[in-house]
Number of protein chains: 2
Amino acid sequence: MTSARSTRNGTPGEGVSRSASARAPERGIPEATIARLPVYLRALITLSERGIATCSSEELATAAGVNSAKLRKDLSYLGSYGTRGVGYDVEYLRYQIAREIGVTQDWPVVIVGIGNLGHALANYSGFSSRGFRIVALLDSDPARLGEKLGDMRIRGFDEIETLVEELDIAIGVIATPAVSAQDVCDRLVAAGVTSILNFAPTVLNVPAGVDVRKVDLSIELQILAYHEQRKALAFDGAVDIVEPPVDPRVVESA
Amino acid sequence: MTSARSTRNGTPGEGVSRSASARAPERGIPEATIARLPVYLRALITLSERGIATCSSEELATAAGVNSAKLRKDLSYLGSYGTRGVGYDVEYLRYQIAREIGVTQDWPVVIVGIGNLGHALANYSGFSSRGFRIVALLDSDPARLGEKLGDMRIRGFDEIETLVEELDIAIGVIATPAVSAQDVCDRLVAAGVTSILNFAPTVLNVPAGVDVRKVDLSIELQILAYHEQRKALAFDGAVDIVEPPVDPRVVESA
DNA sequence: AGGAGTTTGTGAACGTGAGAACAAACTGAG
DNA sequence: CTCAGTTTGTTCTCACGTTCACAAACTCCT
Ligand SMILES: NC(=O)c1ccc[n+]([C@@H]2O[C@H](COP(=O)([O-])OP(=O)(O)OC[C@H]3O[C@@H](n4cnc5c(N)ncnc54)[C@H](O)[C@@H]3O)[C@@H](O)[C@H]2O)c1
Ligand SMILES: NC(=O)c1ccc[n+]([C@@H]2O[C@H](COP(=O)([O-])OP(=O)(O)OC[C@H]3O[C@@H](n4cnc5c(N)ncnc54)[C@H](O)[C@@H]3O)[C@@H](O)[C@H]2O)c1
C-alpha cells in the first residue's frame, strides 16, 4: 500500500520541519474546525475581492455565517494571526488558512464515471480556483472513450494505475453508479489514491489511512423533509411538539 | 411569511394528533441521529432487495457503516421497534424510519438554475425512488426556456410564485451561480418555500423557520486536502506531528 | 502619558454526541 | 418449566463542540 508516498506537494519551508521547539500551534485541530476553515477562506476571498484589507472577527463571522466566538476559537487553533483592537489582515489570514488547509498549491484530482454528474463536475471551473486541478477523466464505457470535454479527453479506467503514479494523484472522485462504486474505490486505493470523494449512494469500505467523504443529495433532501414534516405537523395538530412542554405550574389554577 | 401553510402532506393517522398522553417517544430527536436515519433507511432497502427479512443491529450497523451501539441508540429515539434476542424486521423498520423522516409520500421539489449541474440533477432518477418528485425546472436565461428534459420543460423563474402555490412546493434546490443565489433564495422564501438545498458556494441568509442545507464540493475537497497534507507531512519531515507532543522532559539533557 | 474604546485570544460552563457495558426481554432446546 | 444463548434498549461515562464572558493587548484621542 506504500506505492505513492513519494514527496507529494508538502508545504515548503514555513517552520514545520523542527521536531519540538518554539511555539508549535499546529498540534491537533478539531474536525469541526477543519470543516469550517474552507468557509472562512471563501469569505476572506470575497472580502479581498471587494478591496477590504482588514476585518474584525464579527464581520468575518457574519460573512461566514457563524458565531464570532466560534470563529475566534477556530482561528486560535492555527495560531495568533489577529491584532487586538484592530482585527485580522484579510490577505495575511487568507494565506495562513490556505496554507493550513494545504491549498496554496494545486492538488491533482481524477474523476471516475463521466456520466450525468461526471460531466457537470468536469465542466465546472470552480475547482481550479480553489486549489484543485482535474487532471484525468475516466470511464469504463467504451462508447465514451475519447470524448472531449474542455481540454481533456475521457480515458479508460484501466489507465488508473499509470495515471496515479505519473501524475502523483492523491485525490479521487467517484461518480459511477452505486453498484460499481466499491470496485472503483478498491481499484483507486490499490493504485495509491488516499482520499476519495464519493457521490454514489453507498457506504465505501476502505483501509485505515484512506479518507472518504461522501456527498449524498438524497440524504440532504431527506433531512430537509424531516424538518419540513415537523413544521407541517406543528401547524396542523399537536402544537407543543416543537416547544418545550410548558411547566405545569403555570396552569395550576385550572 | 404564512402564505403556504395549507395542510401539506402531513403523515396521516399514526397517533401524533394527541396532545400529551400515552407514550410519546417523538419528543426531540438529535440532529446527528436524523442525519443518519437516511443511511439506515438505504441500508434497509438494500437488505430488503436481497430478500433478507430480519437483521440484527450488528448487521445493520455494518451495512450502514456505523457502530452498532450508536445504531441502537439512534433507533431507540423512534421507539422500540426491535425484538430482543431476535433483531429487527427489515420491512417494518424500513417503514417506521421512512415515516419518521417523512418520505412515505413524495415531496414535490423545484430546481432553480438548469445549467451544468441543474441538468444532471434533473436527469437523475435516484430522487424519485427516495421520496422526492422534481415537479419544476426554472431558469432565468431566455435561451433555455422551453428546452425539454425528460418529460419536463424548463420554465421561467418568474413562474415561481404560481408554481409553489399550485403544486404546494416546500423544497427548493438552488443550482445557479453564486452571485444569483441569495436573490433566488429570497424569492423562493417569499413564494413560500421553507426548505432549501443550496449548491452555490455562498452563505445564504434566511428568516427563522426556513431550513437551508448546503452541498459544497470545494469544501469537501479542501477537507480531504487538509488530511492529505498531514499524511504527506507525516512521511516527510516531522514524524511526531500526528502523535501527542511527547513531553519535553524526555529531551532534558540536550 | 493616560484613559477611553475596541477587539482578540482563551478559560470555564454548558450542551450534545459517542461508545462501553449491562440488565431486560426474547428464543429455542431439553 | 428451566436454562443457556442471543440481542435489544438504556444507563453511565467520557470526549468533543459551542458559547459566554473577560483579561490582555492594541489604537486613538486628548
Ligand atoms: N446525476 C445526479 O444528479 C446525481 C445526484 C445524486 C447522486 N448521483 C449519483 O452519482 C452517481 C453518478 O450519477 P450519474 O447520474 O452521473 O450516472 P450515469 O449513469 O449518468 O453515469 C455513470 C457513469 O459511470 C460509468 N461507469 C459505470 N461503471 C463504471 C466503472 N466500473 N468504472 C468506471 N466508470 C464506470 C458509466 O459508464 C457512466 O458513464 C450515481 O451513483 C448516482 O447515484 C447522481
Ligand atoms: N457544475 C458543477 O459540477 C458544480 C460543482 C460545484 C458547485 N457548483 C455550483 O453550482 C452552481 C451551478 O453550477 P453550474 O455549473 O450548473 O453553472 P451554470 O452556469 O452551468 O448554470 C447556472 C444556471 O443558472 C441560471 N441562472 C443564473 N441566474 C439565475 C437566476 N437569477 N434565476 C434563475 N436561474 C439563473 C443560468 O441561466 C444557468 O442556466 C454554481 O453556483 C456552482 O458554483 C457546480
Side-chain angles (χ1 to χ4, degrees), chain A residues 23-40 43-44 47 52-90 92-94 96-97 100 223 226-227 244, chain B residues 23-40 43-44 47 52-90 92-94 96-97 100 223 226-227 244:
Chain A
R23 76 229 143 120
E26 27 215 328
R27 276 304 152 191
I29 300 181
E31 268 303 308
T33 296
I34 291 161
R36 282 187 295 266
L37 290 181
V39 182
Y40 304 153
L44 285 166
L47 292 179
I52 297 169
T54 277
C55 70
S56 69
S57 64
E58 196 65 43
E59 292 165 326
L60 185 52
T62 303
V66 302
N67 179 308
S68 73
K70 181 149 58 176
L71 173 100
R72 287 199 300 277
K73 176 147 279 190
D74 283 342
L75 294 184
S76 76
Y77 289 114
L78 315 192
S80 193
Y81 296 134
T83 309
R84 300 179 186 209
V86 179
Y88 300 93
D89 181 285
V90 172
Y92 182 56
L93 184 57
R94 172 186 169 172
Q96 293 301 338
I97 293 181
E100 188 70 40
I223 294 171
Y226 170 83
H227 293 294
Chain B
R23 79 235 139 112
E26 29 215 328
R27 273 303 151 193
I29 300 182
E31 268 303 307
T33 296
I34 291 161
R36 282 187 294 267
L37 290 181
V39 181
Y40 304 152
L44 285 167
L47 292 178
I52 297 170
T54 276
C55 70
S56 68
S57 64
E58 196 65 42
E59 293 165 325
L60 185 53
T62 303
V66 302
N67 180 308
S68 72
K70 183 151 57 178
L71 173 100
R72 287 199 299 278
K73 180 174 273 193
D74 283 343
L75 294 185
S76 77
Y77 289 114
L78 314 193
S80 193
Y81 296 133
T83 310
R84 300 178 186 211
V86 179
Y88 300 94
D89 181 284
V90 172
Y92 182 57
L93 184 57
R94 170 184 168 172
Q96 292 301 337
I97 292 181
E100 188 69 39
I223 295 171
Y226 171 83
H227 292 295

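Basis for what follows: all heavy atoms, side chains included, without hydrogens, waters or symmetry-related copies. Lettering of chains follows the sequences in order, A, B, ..., and the numbering in each one begins at 1.
- Leu93(B) is not listed as a side-chain neighbour of Tyr40(B), based on a closest heavy-atom distance of 4.5 Å or more.
- For residues 76-86 of chain B, there are no salt bridge (charged side-chain N to carboxylate O under 4.0 Å, His left out) pairs, not counting sequence neighbours.
- Ala69(A) comes within contact range of at least one nucleobase, with a heavy-atom separation under 4.0 Å.
- Here CG of Asn67(A) is found 8.0 Å from CD of Glu58(A). Values are rounded to the nearest 0.5 Å.
- Computed from coordinates, the Asp74(B) CG to dG9(D) P distance equals 12 Å when rounded to whole Å.
- Within the 4.0 Å cut-off from OP1 or OP2 of dA18(C), at least one side-chain nitrogen or oxygen of Arg36(B) is found.
- Rounded to a whole Å, the CZ atom of Arg84(A) is 5 Å from the C1' atom of dA25(D).
- Listed pair Ser56(B) / dT7(D) fails the phosphate criterion, with no side-chain N or O lying under 4.0 Å from OP1 or OP2.
- With hydrogens and angles ignored, a donor-acceptor pair closer than 3.5 Å exists between the side chain of Lys73(A) and the base of dT19(D).
- For dC26(C), neither phosphate oxygen OP1 nor OP2 lies less than 4.0 angstrom from any side-chain nitrogen or oxygen of Thr83(B).
- Rounded to an integer number of Å, the gap from Asn67(B) CG to dG9(D) C1' is 15 Å.
- Remark: Tyr88(A) is not in phosphate contact with dT6(C), judged by side-chain N or O atoms under 4.0 Å from OP1 or OP2.
- The side chain of Ser80(B) places an N or O atom within less than 4.0 Å of a non-bridging phosphate oxygen (OP1 or OP2) of dG9(D).
- What separates CG of Leu93(B) from C1' of dG9(D) is a distance of 14 Å, to the nearest Å.
- We find that CD of Glu59(A) is positioned 9 Å from P of dT8(C), with the value rounded to whole Å.
- Just one of Thr62(B), Leu60(B), Val86(B) meets the side-chain contact (heavy atoms from CB on, under 4.5 Å) condition when paired with Cys55(B); it is Leu60(B).
- Between Pro30(A) and Gly85(B), the residue anchored closer to the 5' end of DNA chain D is Gly85(B), taking for each the nucleotide with the nearest heavy atom.
- With sequence neighbours left out, the side-chain hydrogen bond (donor to acceptor under 3.5 Å, both in side chains) criterion links Thr33(B) to Asp74(B).
- Of the listed nucleotides (dA21(C), dA24(C), dT8(C)), dA21(C) has the atom at the smallest distance from the side chain of Arg72(B).
- Rounded to a whole Å, the NZ atom of Lys70(A) is 17 Å from the P atom of dA21(D).
- Rounded to an integer number of Å, the gap from CG of Leu78(B) to P of dG9(D) is 10 Å.
- If you measure from atom CG of Leu75(B) to atom P of dG19(C), you get 15 Å, rounded to the nearest angstrom.
- When each of dT27(D), dA23(C), dT8(C) is scored by its nearest atom to the side-chain atoms of Val86(A), the top-ranked nucleotide is dT27(D).
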